[in-house]
**Student:** 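First, the structure itself, so that you have it in front of you.
Worth knowing before you read on, the calculation uses all heavy atoms, side chains too, and leaves out hydrogens, waters and symmetry mates.
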Amino acid sequence: QVQLVESGGGLVQAGGSLRLSCAASGRTSGTYVLGWFRQAPGKEREFVSAMSWSGTITSYADSVKGRFTISRDNAKNTGYLQMNSLKPEDTAVYYCAADWSTRFYLSRLQTDYNYWGQGTQVTVSS
């Protein structure tokens with residue numbers, strides 16, 4: 001059993017920045033891929049970013065590439081998503097997720113992630 005809890009969301013003006021955190025607790029032994037997804041009102045949940053356990057491999061959706069940065073501190077069992085140059089279209093509920101599988105690539109599919117946080121709201125005003 002693993003629990004993931006996101007924090008750091010809020011209201012920010014366009015062009016501003018936020019850093020989201022994802023704290024893992026419970027059974028956190030082993031290695032896992034950290035993923036971030038988001039869901040805007042009336043839209044499907046979409047992939048944002050992912051990072052391997054070692055941090056040597058990362059993946060970003062085209063819509064956030066160059067603006068968002070994923071990171072993790074495994075000693076603290078915490079993942080992060082630094083969001084810069086925020087746009088109104090970034091408004092969504094952001095979810096972190098963990099993939100505990102043995103695959104050797106960073107999946108962008110929701111079904112490949114085993115555990116999910118409750119989500120944190122990010123609102124970007126124009």
**Student:** In terms of hydrophobic clusters joined by side-chain contacts under 4.5 Å, are Leu20 and Met51 together?
**Tutor:**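 Yes, Leu20 and Met51 fall within the same hydrophobic cluster.
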**Student:** Have Thr78 and Arg72 got a donor and an acceptor in their side chains that come within less than 3.5 Å?
**Tutor:**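 The answer is no; no qualifying pair exists.
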**Student:** Could you give the distance from CH2 (Trp116) to SG (Cys22), rounded to the nearest 0.5 Å?
**Tutor:**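 Here the interatomic distance stands at 10.5 Å.
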**Student:** Taking the side chain as C-beta and beyond, is there a heavy-atom pair between Leu109 and Phe47 under 4.5 Å?
**Tutor:**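 No, their side chains stay 4.5 Å or more apart.
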**Student:** Is the ring centre of Tyr115 less than 6.0 Å from the ring centre of Tyr32?
**Tutor:**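 Between Tyr32 and Tyr115, which both carry aromatic rings, the centre distance is not below 6.0 Å.
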**Student:** Is any side-chain heavy atom of Ile57 closer than 4.5 Å to a side-chain heavy atom of Leu106?
**Tutor:**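 Of all side-chain heavy-atom pairs linking Leu106 with Ile57, at least one is under 4.5 Å.
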**Student:** Atom OH of Tyr94 and atom CG of Leu18: how far apart are they, to the nearest 0.5 Å?
**Tutor:**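 Result: 9.0 Å between the selected atoms.
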**Student:** Counting the benzene-type ring for Trp, do Phe37 and Tyr95 have ring centres under 6.0 Å apart?
**Tutor:**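 Here the rings of Tyr95 and Phe37 have centres that are no less than 6.0 Å from each other.
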**Student:** Which atom pairs, donor and acceptor, lie under 3.5 Å between side-chain atoms of residues 5-12 and protein residues at least two apart or in another chain?
**Tutor:**
{"unit_1": "Glu6", "atom_1": "OE1", "unit_2": "Gln118", "atom_2": "N", "d": "2.9"}
{"unit_1": "Glu6", "atom_1": "OE1", "unit_2": "Gln118", "atom_2": "NE2", "d": "3.4"}
{"unit_1": "Glu6", "atom_1": "OE1", "unit_2": "Gly119", "atom_2": "N", "d": "2.8"}
{"unit_1": "Glu6", "atom_1": "OE2", "unit_2": "Cys96", "atom_2": "N", "d": "2.8"}
{"unit_1": "Glu6", "atom_1": "OE2", "unit_2": "Gly119", "atom_2": "N", "d": "3.3"}

**Student:** Ignoring hydrogens and angles, tell me if any N or O in the side chain of Thr91 forms a donor-acceptor pair with the backbone of Val124 under 3.5 Å.
**Tutor:**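 Here the side-chain-to-backbone pair exists.
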**Student:** Is a donor on one side and an acceptor on the other found under 3.5 Å between the side chain of Asn77 and the backbone of Ser25?
**Tutor:**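 No, Asn77 side chain to Ser25 backbone: no donor-acceptor pair under 3.5 Å.
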**Student:** Hey, would you say the Phe68 and Trp36 ring centroids sit under 6.0 Å apart?
**Tutor:**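 Phe68 vs Trp36: aromatic centres not under 6.0 Å.
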**Student:** I want to check something: taking the side chain as every heavy atom from C-beta on, are Tyr60 and Thr58 in contact at a cut-off of under 4.5 Å?
**Tutor:**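 Side-chain contact under 4.5 Å: yes.
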**Student:** Under 3.5 Å, sequence neighbours excluded: what are the donor-acceptor pairs made by side chains of residues 79-89?
**Tutor:**
{"unit_1": "Gln82", "atom_1": "NE2", "unit_2": "Asn84", "atom_2": "OD1", "d": "3.0"}
{"unit_1": "Asn84", "atom_1": "OD1", "unit_2": "Ser17", "atom_2": "OG", "d": "2.9"}

**Student:** Roughly how far, to the nearest 0.5 Å, is the CG atom of Asp99 from the CD atom of Gln110?
**Tutor:**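 CG of Asp99 is found 13.0 Å from CD of Gln110.
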**Student:** Hey, could you give me the CD1/CG distance between Ile70 and Leu34, rounded to the nearest 0.5 Å?
**Tutor:**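 Result: 4.5 Å between the selected atoms.
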**Student:** How close do Val33 and Ser52 get, counting heavy atoms only, and between which atoms?
**Tutor:**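 That would be CG2-CA, 4.4 Å.
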**Student:** Going by side chain to side chain contact (heavy atoms under 4.5 Å, CB included), name the residues that satisfy it together with Glu46, two or more places apart in sequence or in a different chain.
**Tutor:**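 In terms of side chain to side chain contact (heavy atoms under 4.5 Å, CB included), with neighbours along the sequence ignored, Glu46 is linked to Arg38.
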**Student:** Kindly indicate whether the side chain of Asp90, heavy atoms from C-beta on, has any atom under 4.5 Å from the side chain of Val122.
**Tutor:**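 Side-chain contact under 4.5 Å: no.
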**Student:** Testing the basics here: between Leu4 and Ala24, what is the closest heavy-atom pair and its distance to 0.1 Å?
**Tutor:**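 Closest pair (atom of Leu4, atom of Ala24, distance): CD2-CB, 3.6 Å.
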